[in-house]
*Asks:* 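Provided herewith is a single structure, encoded as structure tokens, for subsequent inquiry.
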Protein chains: 2
Amino acid sequence: MERSTRQRQAIRDVLSEQNRPLSPQEVLDAAQGKVPGLGIATVYRTLKGLVDEGAAVAVELPGNPPRYEVAGKKHHHHFHCTVCGKVFELEGCPGDFLFMVPEGFQPQGHEIVLYGRCKDCRA
Amino acid sequence: MERSTRQRQAIRDVLSEQNRPLSPQEVLDAAQGKVPGLGIATVYRTLKGLVDEGAAVAVELPGNPPRYEVAGKKHHHHFHCTVCGKVFELEGCPGDFLFMVPEGFQPQGHEIVLYGRCKDCRA
DNA sequence: ACAAAAGTGATAATGAGTTATCATTATAAA
DNA sequence: TTTATAATGATAACTCATTATCACTTTTGT
């Protein structure tokens with residue numbers, strides 16, 4: 001990640017613009033609108049580089065390979081559309097899970113995923 | 001899944017006894033204590049059969065292949081130990097996530113995973 | 001006890017996702 | 001501009017979990 005290229009800029013832009021976790025394939029599809037001919041290998045390479053330099057983070061959801069979003073966002077969770085498969089960012093958090101933690105266990109973090117139909121896929 | 005074999009009984013017993021989601025490898029390790037020589041293929045075949053007949057369910061957690069637990073439990077979530085990797089069942093649920101759902105989205109379900117150290121791995 | 005057929009275990013094959021390779025292209029310092 | 005070299009794109013290779021194959025074993029109805 002030393003040189004500035006059209007490909008890397010396109011990939012960074014796509015992550016910023018969509019503002020939701022994107023799969024490598026989603027990044028490819030969107031970034032090809034900016035840089036025709038962009039290859040999937042460059043997407044994987046660049047995403048890894050962005051994560052290494054702290055500009056992006058991997059988002060793991062149940063049953064899916066990692067998606068990637070811009071780093072540095074405040075604490076948030078995700079909505080996974082069961083129809084189109086897109087993942088959206090959610091604000092807010094119930095916050096208190098201590099009542100669920102068994103005696104002797106030491107909680108350090110949590111993840112919440114809501115499932116359902118997104119705005120575009122609602123019944 | 002038509003005949004009753006030592007292998008199948010051992011696998012069912014392991015799922016019941018441990019009362020937490022187990023990976024196929026964890027099932028194998030535990031069930032080999034009951035049936036030495038048990039093979040991983042039989043574990044995969046039997047888990048699939050148990051799911052098909054509704055006796056077990058797959059539990060998907062972020063970044064991991066499916067684990068399996070006994071079916072029919074009431075609504076619950078899981079604690080994933082960051083040290084030993086074991087997954088434990090939790091009781092309770094905050095329940096109200098509607099305040100997190102954006103306008104126009106239709107929520108249908110949710111998952112919560114707590115991370116931290118389990119009783120055996122606490123600092 | 002016997003026979004038909006389902007089940008098992010070892011392991012080869014598969015599939016999805018990701019990474020490595022390498023000839024070519026593009027960047028950027030001089 | 002020139003030049004050194006990092007980056008790219010096509011695709012081969014790889015990883016890991018899971019499934020298929022098949023010779024042999026076990027179960028179960030008769």
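This one's a predicted model, so the numbers in the text were calculated from it and none came from an experiment. No hydrogens, no waters, no symmetry mates; every other heavy atom, side chains included, goes into these values. Letters A, B, ... are given to chains in the order of the sequence lines, protein chains preceding strands, and every chain is numbered from 1.
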*Asks:* When you compare the side chain of A/Val35 with that of A/Ile11, does any pair of heavy atoms fall below 4.5 Å?
*Replies:* no
*Asks:* What residues in residues 55-71 of chain A put a non-hydrogen atom under 4.0 Å from any atom of DNA chain C?
*Replies:* A/Pro65, A/Pro66
*Asks:* Using a 6.0 Å cut-off, check whether atom NZ of A/Lys34 has over 12 heavy atoms from anything other than its own residue.
*Replies:*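 It does: A/Lys34 NZ has more than 12 such atoms within range.
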*Asks:* Between A/Leu98 and B/Phe97, is there shared hydrophobic-cluster membership here, with clusters defined by ILVMFWY side-chain heavy atoms closer than 4.5 Å?
*Replies:*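 No, because A/Leu98 and B/Phe97 fall into different hydrophobic clusters, even though each may have its own neighbours under 4.5 Å.
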*Asks:* Over how many whole Å does the gap from A/Ile11 atom CD1 to D/dT8 atom C1' extend?
*Replies:* 11 Å
*Asks:* Where is the tightest heavy-atom contact between A/Pro102 and B/Leu90, given as atom of each residue plus distance?
*Replies:* CD-CD2, 3.4 Å
*Asks:* Five pairs at each end of the helix from C/dA1-D/dT30 to C/dA30-D/dT1: take the axis at both ends and give me the angle between them to 10°.
*Replies:* 40°
*Asks:* Choose from D/dG9, D/dA17, C/dT11 the nucleotide whose nearest atom is closest to any side-chain atom of A/Leu38.
*Replies:*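 The answer is D/dG9.
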*Asks:* Between atom CG in A/Asp52 and atom P in D/dA7, what is the gap in whole Å?
*Replies:*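 After rounding, the gap between these two atoms is 13 Å.
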*Asks:* Rounding to an integer number of Å, can you tell me how far B/Leu47 CG sits from D/dA17 C1'?
*Replies:*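 After rounding, the gap between these two atoms is 13 Å.
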*Asks:* Considering residues at least two apart in sequence or located in another chain, which fulfil the salt bridge (Lys or Arg N to Asp or Glu O under 4.0 Å) criterion with A/Arg20?
*Replies:*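 A/Glu26.
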*Asks:* Which donor-acceptor pairs under 3.5 Å do the side chains of residues 109-120 of chain B make with protein atoms, sequence neighbours left out?
*Replies:*
from, atom 1, to, atom 2, distance (Å)
B/His110, NE2, B/His75, NE2, 3.2
B/His110, NE2, B/His77, NE2, 3.1
B/Arg117, NH1, B/Cys121, O, 2.9

*Asks:* Donor-acceptor pair, B/Glu89 side chain versus B/His76 backbone, under 3.5 Å?
*Replies:* no
*Asks:* Can you list, in residue-number order, the parts of residues 13-34 of chain B that come under 4.0 Å of DNA chain C, counting heavy atoms only?
*Replies:* none
*Asks:* Less than 4.0 angstrom from a charged side-chain N to a carboxylate O is my criterion; do B/Arg12 and B/Glu53 meet it?
*Replies:*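 Between B/Glu53 and B/Arg12 there is a salt bridge, with a charged N closer than 4.0 Å to a carboxylate O.
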*Asks:* Just by distance, do the side chain of A/Arg8 and the backbone of A/Arg3 share a donor-acceptor pair under 3.5 Å?
*Replies:* yes
*Asks:* Are more than 12 heavy atoms from other residues, nucleotides or ligands located less than 6.0 Å from atom CD of A/Glu17?
*Replies:* yes
*Asks:* Has A/Lys48 got a side-chain N or O lying under 4.0 Å from the OP1 or OP2 atom of C/dT19?
*Replies:*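 Looking at the OP1 and OP2 atoms of C/dT19, one of them is under 4.0 Å from a side-chain N or O of A/Lys48.
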*Asks:* If we check side-chain contact (heavy atoms from CB on, under 4.5 Å) with A/Pro21, which of these qualifies: A/His80, A/Lys86, A/Arg67?
*Replies:* A/Arg67
*Asks:* Identify the two heavy atoms, one from B/Val57 and one from B/Ala71, that lie closest to each other, and give their separation to 0.1 Å.
*Replies:* CG1-CB, 3.8 Å
*Asks:* How would you summarise protein contacts on nucleotides 21-30 of chain D per nucleotide, using B for base, S for sugar-phosphate only and - for none, with heavy-atom distances below 4.0 Å?
*Replies:* B----BBS--
*Asks:* Look at the side-chain N and O atoms of A/Tyr44 and state whether any lies under 4.0 Å from the OP1 or OP2 oxygen of C/dT18.
*Replies:* yes
*Asks:* Output the rounded distance in Å from CD1 (A/Ile40) to C1' (D/dA7).
*Replies:*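 Rounding to the nearest Å, CD1 of A/Ile40 and C1' of D/dA7 are 16 Å apart.
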*Asks:* Closer than 3.5 angstrom, by distance alone: can the side chain of B/Gln106 be matched with the main-chain N or O of A/Ala123 as a donor-acceptor pair?
*Replies:*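 Looks like yes, one N/O pair under 3.5 Å.
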